[in-house]
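These numbers come from the heavy atoms of this one structure, side chains and all, not from hydrogens, waters or symmetry mates. Each chain gets a letter, A, B and so on, in the order its sequence line appears, and its residues count up from 1.
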Protein chains: 2
Amino acid sequence: MGDTISTDAEIFIAKFSSYVDLSEAEIRVIEELTRDCMAFDENQDIIQESEKNASAYLLQSGWAIRYKIVPNGGRQIISFLLPGDIFGFRESLFDLSDDSVQALTPVRVHRIPAEKIADICDNSTNLSLALTWARAREQAILMEHIVRLGRRNAYERLGHLLLELLHRLQLVDKAGRSDYFLPLTQEVLADTLGLSIVHVNRTLRKLRNDRMIELDPQTRRLKIIDQEALSERAGYDQTFLDQSALTQDCVNDAVG
Amino acid sequence: MGDTISTDAEIFIAKFSSYVDLSEAEIRVIEELTRDCMAFDENQDIIQESEKNASAYLLQSGWAIRYKIVPNGGRQIISFLLPGDIFGFRESLFDLSDDSVQALTPVRVHRIPAEKIADICDNSTNLSLALTWARAREQAILMEHIVRLGRRNAYERLGHLLLELLHRLQLVDKAGRSDYFLPLTQEVLADTLGLSIVHVNRTLRKLRNDRMIELDPQTRRLKIIDQEALSERAGYDQTFLDQSALTQDCVNDAVG
DNA sequence: CTTACGCATTTACATAGGTTATGCTTGATC
DNA sequence: GATCAAGCATAACCTATGTAAATGCGTAAG
C-alpha cells in the first residue's frame with residue numbers, strides 16, 4: 001500500500017490518463033473505488049434483465065456481454081464488455097431496455113453505488129469527464145455495430161468485429177501486436193453478428209483460407225495476419241475508437 | 001407573451017412533464033431555449049460528419065436521420081429523430097463516431113451551446129435529469145435497433161419499426177390512435193433496416209396483403225390496422241419505450 | 001475405462017433476400 | 001405539352017445465408 005498504486009487501479013488510471021491529466025486526489029479516488037471487488041463465474045448474470053439499476057461497474061478482468069432475448073427464443077448480443085470498460089451507469093430513473101449483462105469468462109468487477117457516482121462527479125471535473133467519455137464511446141460502439149449488422153456481409157462482419165476487439169484490447173494492454181485471447185464460441189459470434197453458427201464456421205474457415213487470421217480453437221488464441229488487408233476488406237476504420245484524435249487543444253477547448 | 005407559453009416550448013414541457021415535475025423557473029428556461037430557431041430544408045445536413053460538436057439540439061418539427069456512409073458507398077441509417085427529441089449533446093471532447101444528421105423533411109431545431117448545457121444542468125436537477133433520461137432513451141432505441149437488425153427477418157423488421165415510430169410519435173402527439181404521416185421513401189426504409197429497396201417493396205406489399213397496414217404512397221399516410229396482431233407477429237414489446245413504467249416512487253428513489 | 005456433453009466441422013438442401021431490368025405515375029422544368 | 005427525374009411496382013433470376021443432420025474431438029464425470 002502506502003505510495004504504491006494498487007494493481008486493480010492501474011488499468012483505469014492508465015485508461016483515464018490517456019485523455020485527461022489525473023490529479024493525486026483523483027488517483028486516490030480510483031484506488032478507493034477499486035478496493036472492493038466482486039467475482040462472477042462464467043455464464044453468471046452480473047446485471048439481471050430489467051433490474052432497476054443506477055450503479056456503475058468497473059470491469060477489472062474477464063469478458064462479459066450485454067444481450068437481449070428475442071420473443072422467438074433467439075439471443076442478440078448487443079456489445080462486449082472488456083477489461084477497463086465501465087458499464088451499467090445508466091442513471092436512468094427506470095430501465096428502458098430489458099437487457100442483461102452476463103459474464104463470458106470468470107469476471108471481476110468493482111461496483112460503484114449511484115450516490116457515489118454523483119458525489120464523485122460533483123467533486124472532480126476529470127472523473128466526470130471520464131464518465132461522459134465512456135458513455136460517448138459506448139454509443140459509438142453501438143452505432144458501429146448497427147452499421148456492421150445492417151450493411152455488411154458475413155465475411156466483413158466477422159473481420160470487422162475481430163479487428164474492433166483487437167483494437168479495444170490493445171488500448172488496455174490485453175492484446176499483442178496482432179493477436180489476442182478470444183474466449184468466444186462460434187455460437188457467441190453468431191448471436192453477435194446476426195448469423196447462424198454454421199455460417200460463422202464457414203466464414204471463419206474462409207478467413208483462415210485467405211490467410212487473414214489464424215485461430216486455434218483449443219488455445220483460443222487469435223492472430224490477425226494482415227491487419228491492413230483485413231481492414232480494407234472488412235471496411236474497418238480504426239479512427240472510430242482512436243483517442244489519438246484527441247489533442248490537448250481539444251481538451252482545453254472543451255474544459256475552458 | 002407574458003404568461004402564455006410559447007408554442008415551441010410546449011412539446012418539450014409536455015415531454016419532460018411526463019416524468020418530472022417542472023418548476024415555474026424551469027418552464028421559463030425551456031421557453032427561453034426554444035426562442036431562437038434554425039430551419040433546415042429537406043436533405044440538408046444538420047450536423048456534418050465528424051463535426052466536433054458538444055452542443056445539443058431540440059428537434060421542434062420535422063423528421064431527421066442519423067446515418068453513416070459505408071466504405072463501399074452504402075448508407076446505414078442509425079436512428080430517426082422525431083419532434084421532441086434531443087440530439088447531438090454528446091459532450092465528448094472529440095467525436096468518436098463519424099455520423100451525420102440530416103433533415104428528411106423541412107425541420108426546425110433549437111440549438112443549445114455546450115456552455116449553456118452545463119449551466120442549465122448545474123442549476124436544475126430536473127433538467128439535468130431530463131438530459132440523462134434522453135440519453136438513456138436514445139441508447140435503448142439503438143439497442144433495440146441492433147436486435148431488429150440481428151435477429152429479425154424483413155417482415156418483422158418492418159413491422160417492428162413501424163410500430164416503434166407510431167409509439168414514439170404518439171408520445172408527442174404527432175400520431176393518431178393507429179395512423180401517422182410517414183415521410184419515408186422505400187429507399188430510406190431499406191437503408192434503415194439493412195434491406196434492398198426491392199425487398200422492402202415486397203415486404204410492404206405482404207404487410208398490406210396481410211391487412212396489417214394500409215399505406216398510401218401518395219399521401220404518405222400509414223395506418224396500422226391491427227396493432228395487437230402486428231406486435232405479436234413482429235415481436236414488438238411496447239414497454240421498451242414506456243414511461244408509464246415510471247412511478248413517482250421511482251423518481252423519489254433516484255432523486256432522494 | 002466408459003459415457004456423456006459441449007463445441008467445432010462438414011455435407012446436402014432450402015429459402016430469404018439481393019440484383020438487374022423494365023414499366024408506370026407523378027410532379028417539376030423548360 | 002415534351003422531357004426528365006424520383007419513386008413505386010413487379011418479374012426473372014441468382015446467391016448468401018439458414019436449417020437439419022451426422023461426425024469427430026477433447027474434456028469432465030462416473
* Is any side-chain N or O of A:Asn201 closer than 4.0 Å to OP1 or OP2 of C:dA8? -> no
* Asked: Salt bridge or not for A:Asp179 and A:Arg221, using N-O below 4.0 Å?
  -> yes
* Separation of C:dA8 C1' from A:Arg205 CZ (nearest whole Å) -> 11 Å
* Give B:Asn153 one of three labels, base, sugar-phosphate or nothing, depending on what nucleic acid heavy atoms sit under 4.0 Å from its own. => sugar-phosphate
* **Protein-nucleotide distance (B:Asp216, atom CG; D:dC8, atom C1'), rounded to Å** => 12 Å
* Could you state the atom-to-atom distance from CG of B:Leu204 to P of D:dT10 in whole Å? => 11 Å
* Figure out the CZ/C1' separation between B:Arg151 and D:dG18, and round it to whole Å. => 11 Å
* Does a salt bridge link B:Glu144 with B:Arg152, judged by any charged N lying under 4.0 Å from a carboxylate O? -> yes
* Looking at B:Arg168 and B:Glu164, does any basic side-chain N land under 4.0 Å from a carboxylate oxygen? -> yes
* Quick one, which residues of residues 181-199 of chain A touch DNA chain C with a heavy atom under 4.0 Å? -> A:Thr185, A:Gln186, A:Val198
* Does a side-chain N-to-carboxylate-O contact under 4.0 Å join B:Asp85 and B:Lys15? -> yes
* **Salt bridge present between A:Asp99 and A:Lys68 (N-O < 4.0 angstrom)** => no
* **Any B:Arg202 side-chain nitrogen or oxygen under 4.0 Å from OP1 or OP2 of D:dT10** => no
* To do: Remember a base hit wins even if backbone is also touched, and classify B:Arg157 as base, sugar-phosphate or nothing at under 4.0 Å, heavy atoms.
  => nothing
* Asked: Nearest-Å distance, CZ (B:Arg152) to P (D:dT17)?
  -> 20 Å
* To do: Considering only NZ, NE, NH1 and NH2 on the basic side and carboxylate oxygens on the acidic side, decide whether A:Arg75 and A:Asp191 come within less than 4.0 Å.
  => yes
* Please say which of B:Phe12, B:Phe87, B:Phe40 ends up in a ring-ring contact (aromatic ring centres under 6.0 Å, His included) with B:Tyr57. => B:Phe87
* To do: Indicate, with a heavy-atom threshold strictly under 4.0 Å, whether A:Arg208 touches base, sugar-phosphate, or nothing.
  => sugar-phosphate
* **N/O (side chain, B:Arg220) to phosphate O (OP1/OP2, C:dT26) under 4.0 Å** => no
